[in-house]
Amino acid sequence: MKVEVFIPLANKEKLIDALTSCGILKYENYDRVYSQTKVLGHFIPLENANPFIGEKKEESQVEEVKLEFRIKAKDKERAFKIIKENHPYEIPVINFIELL
């Protein structure tokens, strides 16, 4: 599977370290195997939100990185848990994409 995660650049290393320490980013004879792309995230926290960045009912733009890496399907739940525990956002964007 391919995993995509959008995260503020300042919080990237904590997540990468956690994924590495659990063996998620290991691929054959290599470790810390991932890609990153700079992106500009946009969102408006609604009334019941608890935003890490920004104010309720105001549009925010945040410099983020999109991290991409591959995992085995059996590691999906473990990867999801690690990401949720090490991501600053209340509801992070995490995409799991099956590869053919």
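Reckoned from all heavy atoms, side chains included, excluding hydrogens, waters and symmetry mates. The chain is numbered in sequence order, starting from 1.
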S.K.: With a 6.0 Å cut-off (strictly less than), is the heavy-atom count around CZ of Arg70, excluding the residue itself, greater than 12?
M.R.: no

S.K.: With a cut-off of 6.0 Å (strictly less than), are more than 12 heavy atoms of other residues, nucleotides or ligands near CD1 of Ile44?
M.R.: yes

S.K.: Are Val33 and Val3 in one and the same hydrophobic cluster, where Ile, Leu, Val, Met, Phe, Trp and Tyr link if side-chain heavy atoms are under 4.5 Å apart?
M.R.: no

S.K.: Should we count NZ of Lys81 as having more than 12 external heavy atoms under 6.0 Å?
M.R.: no

S.K.: Could you measure the distance from the CG atom of Leu19 to the CG atom of Asn86? Nearest 0.5 Å is fine.
M.R.: 7.0 Å

S.K.: Can you get from Ile24 to Phe6 by hopping between Ile, Leu, Val, Met, Phe, Trp and Tyr side chains that sit under 4.5 Å apart?
M.R.: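 As far as the 4.5 Å side-chain criterion goes, Phe6 and Ile24 are not connected within one cluster.
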
S.K.: Return the set of residues passing ring-ring contact (aromatic ring centres under 6.0 Å, His included) with Phe69 (not counting sequence neighbours), or none when no residue passes.
M.R.: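 Result, ring-ring contact (aromatic ring centres under 6.0 Å, His included) vs Phe69: none returned.
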
S.K.: What do you reckon, is CD of Glu98 surrounded by more than 12 foreign heavy atoms closer than 6.0 Å?
M.R.: no

S.K.: With sequence neighbours excluded, what pairs up with Thr20 under the side chain to side chain contact (heavy atoms under 4.5 Å, CB included) test?
M.R.: Ile16, Leu25, Asp31, Arg32

S.K.: About how many Å separate OG1 of Thr37 and CD of Glu68, when rounded to the nearest 0.5 Å?
M.R.: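 If we round to the nearest 0.5 Å, Glu68:CD and Thr37:OG1 are 5.0 Å apart.
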
S.K.: How long is the span from the OH atom in Tyr34 to the NZ atom in Lys12, to the nearest 0.5 Å?
M.R.: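 Those atoms lie 3.5 Å apart.
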
S.K.: Taking side chain to side chain contact (heavy atoms under 4.5 Å, CB included) as the test, write out the residues that go with Lys76, two or more places apart.
M.R.: Met1, Ile71, Phe96

